[in-house]
Amino acid sequence: MLDLKLIRENPDLIKEKLKARNMKIEPVDSIIKLDLKRREFISEVEKLKGLRNNVSAEIAKIKKEGLNADEKIADMKKVSDNIKELDEKLADAENEIDNFLRDIPNLPDNSVPLGKTSDDNVQFRIWGEKASGDFKYLDHVELGKKLDILDFGIGAKISGSGFPFYRGKGAILERALINFMLDTHKSNGYTEVLMPFLVNRTSMEAAEKVPKFEEDMYRTEPDDLFAIPTAEVPIVNIHRDEIMDAKHLPVKYCGYTACFRREAGSYGKDTKGFLRVHQFNKVELINFCLPEDSYAQMEEMLNHACGILEMLNIHYRIVNVCTGDMGFAANKQYDIEVWSPAENKWLEASSVSNCTDFQSRRAMIRFKRDKKTEYVHILNGSGLATSRLYVSLIESNQTPEGKIIVPKSLQKYTNFEIID
RNA sequence: GGAGAGGUGGGUGAGUGGCUCAAACCAACGGUUUGCUAAACCGUCAUAGGGGGUUAACCUCUAUCGAGGGUUCGAAUCCCUCCCUCUCCGCCA
């Protein structure tokens, strides 16, 4: 959620930033008009409430003396009716403003490249080299079938397409990746958490996922709970409605969850195997920090995510995500993409975002300094999602015979060196 | 699922219609005292929004006692609905 005061005082800046994100700018003027109305209602109704409070105190005094206060009571009845009417108008204005605000994304930082789609993202760093064996690389679906470690048909039978199923060493490899990532992040100073996979509406709203993206979520009908699209949602909500101790910032969490996404509207795109799924596993990093630290924390978080890939010897690149492709709550975003030798393309495996105070304002996550309350900055980063990483890992490490060599750093987690 | 109890500021906890515009204590912070520590004493001690202001300190108003409605001139307090927590019973991994 953007700061209403910022919109009121810098409408031109807001419009410029929204244009950069290919958003309509009309809501800005609507909000400013509504805000003007809102503040008129507030001063009017508060004046009346002040009057009522004073006269009610007088009535109490008069009654104590045993005198008659009927006239004042009658007057105040009218005032109270008036207040009720004005309160309703005020609430309407506030709701209208909020409806606009819920549709407006975070403003992009100046370092974010301008653009419309992922084609306009700018490569920022690249590490490692493409697997270049002198044989035809099998894709992960073929490998999975040949080695009997992945079975998308079974997943579809149980749940539907896009629900992966792992077997034997395939399942162990997945579990090994998760444990390896969690242990590594723990040693980098993150507190590990294990959390609910279903969250209530308030938590989804605080993380700015709902109502804007409600169509993309799995939702349980009788209880109005949402299957989390990312661990970011429960972790951000740990500190909802809290004033954090500034001495303890930055506060860093890592946690594993399954992630659920309906991917409504993207049917027919990247449908093969793991490339686009409804359920996947992810280890998430979240950082609550001082506003002035957030960009430095972002670089650090990026390095923590990349560190995993380097230890696994996976060829990756980082792109600076452009204004048109950034996430709703992000002020700046890096995507980490891993190389798939069989698809011959880059696959997004992580996204590191600085959400500045956008979520913390909605979620009321603050800290205090010099007697003033300020919003913390919140960053999230995948560290990382396993599905596409899995693709890159098994494809890149395959032998000409179609076996998979487990990277050294993972072997103590898998307790085997080869999948054959 | 059934029965009961309860939700008050960072914590404990008083408060059943009007000097409660939430007592007291603890924690925290600032200060005095002190050779140092401790103790004692004094002070500060919510959040959000509006208005004023030398737009900073500050002043002022309004709202907030789980959430939302209602009754009333006036609600932490009375009524209704919902949510949550605890205890017991049932079921169950």
Study note, to complete from the structure: Sorted by chain and number, sequence neighbours left out, ring-ring contact (aromatic ring centres under 6.0 Å, His included) with F358(A) holds for F328(A)
Exercise for review: Could you measure between the two P atoms, the one in C26(B) and the one in A39(B), and give it in whole Å?
Suggested key: 12 Å
Exercise for review: Give one of base, sugar-phosphate or nothing for K247(A), where a contact means two heavy atoms less than 4.0 Å apart.
Suggested key: nothing
Practice item. Take atom C1' in C61(B) and the same atom in G15(B), then report the distance between them in whole Å. Key: 26 Å
Exercise for review: Using the P atom on both, measure A48(B) against A57(B) and round to a whole Å.
Suggested key: 14 Å
Practice item. Strictly below 4.0 Å, heavy-atom distances to any atom of RNA chain B: list the hits from residues 54-72 of chain A, or just say none. Key: S56(A), I59(A), A60(A), K63(A)
Exercise for review: Find which nucleotide of RNA chain B each of E88(A) and D35(A) is nearest to by heavy atoms, and output the residue with the more 5' nucleotide.
Suggested key: D35(A)
Exercise for review: Scan residues 80-92 of chain A for pairs that pass salt bridge (Lys or Arg N to Asp or Glu O under 4.0 Å), counting only residues two or more places apart or in two chains.
Suggested key: K49(A)-D87(A)
Study note, to complete from the structure: Residue pairs meeting side chain to side chain donor-acceptor pair (under 3.5 Å), one or both in residues 32-41 of chain A, sequence neighbours left out, come to R8(A)-D35(A), D35(A)-R38(A), D35(A)-R39(A)
**Study point:** Pairwise P distance for U54(B) and U47(B), with rounding to whole Å
**Key:** 26 Å
Review point. Using a heavy-atom cut-off of 4.0 Å to chain A, what are the terminal contacting nucleotides of RNA chain B, in 5' to 3' order?
Key: G18(B) to G74(B)
Review point. How does RNA chain B look in dot-bracket notation if pairs are Watson-Crick or G-U with both distances under 3.5 Å, crossing ones as [ ], other-strand ones as |?
Key: ((((((((.[[[..)..(.....]]].(((((.......))))).(((((((.....))))))).[[[[[..)....]]]]])))))))....
Review point. Using a distance-only test with no angle check, is there a side-chain donor-acceptor pair under 3.5 angstrom linking R366(A) and S360(A)?
Key: no
Check your understanding: Is the distance between the ring centroids of F274(A) and H140(A) less than 6.0 Å?
Key -> yes
Review point. Can R201(A) and E214(A) be counted as an ion pair, charged N to O under 4.0 angstrom?
Key: yes
Review point. Between residues 231-240 of chain A and RNA chain B, which residues have a heavy-atom gap below 4.0 Å?
Key: none
Check your understanding: Does any pair with a residue in residues 168-205 of chain A pass ring-ring contact (aromatic ring centres under 6.0 Å, His included), and if so which ones, sequence neighbours excluded?
Key -> F180(A)-Y413(A), H185(A)-Y190(A), Y190(A)-H304(A)
Exercise for review: Return the orientation label for the Y218(A) and H278(A) ring planes: parallel under 30°, perpendicular over 60°, tilted otherwise.
Suggested key: perpendicular
Review point. Is R201(A) touching bases, backbone alone, or none of the nucleic acid, heavy atoms closer than 4.0 Å?
Key: nothing
Exercise for review: Pick the C1' atom in U34(B) and in C41(B), then give their distance to the nearest Å.
Suggested key: 13 Å
Check your understanding: Toward the 5' end of RNA chain B, which comes first, R52(A) or K368(A), by nearest nucleotide?
Key -> K368(A)
Check your understanding: For R369(A), which contact category applies under a 4.0 Å heavy-atom criterion: base, sugar-phosphate, or nothing?
Key -> nothing
**Study point:** F124(A): ring-ring contact (aromatic ring centres under 6.0 Å, His included) partners, not counting sequence neighbours
**Key:** Y334(A)
**Study point:** K17(A) versus N110(A), side-chain donor and acceptor atoms under 3.5 Å
**Key:** yes
Exercise for review: For A76(B) versus U20(B), give the span between their C1' atoms, rounded off to a whole number of Å.
Suggested key: 9 Å
Check your understanding: Going by atom types alone, do K252(A) and T191(A) pair a side-chain donor with an acceptor below 3.5 Å?
Key -> no
Point to revise | Counterpart residues, side-chain hydrogen bond (donor to acceptor under 3.5 Å, both in side chains), relative to K72(A) (two or more places apart) | key: E58(A)
Exercise for review: Using the P atom on both, measure U60(B) against C65(B) and round to a whole Å.
Suggested key: 23 Å
Practice item. Could you list the residues that satisfy side-chain contact (heavy atoms from CB on, under 4.5 Å) with K63(A), not counting sequence neighbours? Key: I59(A), I73(A)
Exercise for review: Could you walk me through whether R240(A) and N237(A) pass side-chain hydrogen bond (donor to acceptor under 3.5 Å, both in side chains), step by step?
Suggested key: CA-CA 5 Å; R240(A) 167 154 52 87; N237(A) 276 278; 2.5 Å; yes
Review point. What is the nucleic acid contact for K84(A), judged by heavy atoms within less than 4.0 Å: base, sugar-phosphate only, or nothing?
Key: sugar-phosphate
Exercise for review: Look at all strands and tell whether D75(A) reaches a base, only sugar-phosphate, or nothing, counting heavy atoms closer than 4.0 Å.
Suggested key: nothing
Practice item. Please state the P separation for the pair U8(B) and U85(B) - nearest whole angstrom. Key: 14 Å
Residues 280-295 of chain A side chain polar contacts: donor-acceptor under 3.5 Å, at least two apart:
residue : atom : partner : partner atom : Å
N281(A) : OD1  : Y256(A) : OH           : 2.7
N281(A) : ND2  : E174(A) : OE2          : 2.7
K282(A) : NZ   : T230(A) : OG1          : 2.8
K282(A) : NZ   : E284(A) : OE1          : 2.6
N287(A) : ND2  : Q297(A) : OE1          : 2.7
E292(A) : OE1  : R369(A) : NH2          : 3.2
E292(A) : OE2  : R369(A) : NH1          : 2.9
S294(A) : OG   : P291(A) : O            : 3.3
S294(A) : OG   : N354(A) : ND2          : 3.0
S294(A) : OG   : H377(A) : ND1          : 2.9
Y295(A) : OH   : D109(A) : OD1          : 3.2
Y295(A) : OH   : N331(A) : OD1          : 2.7

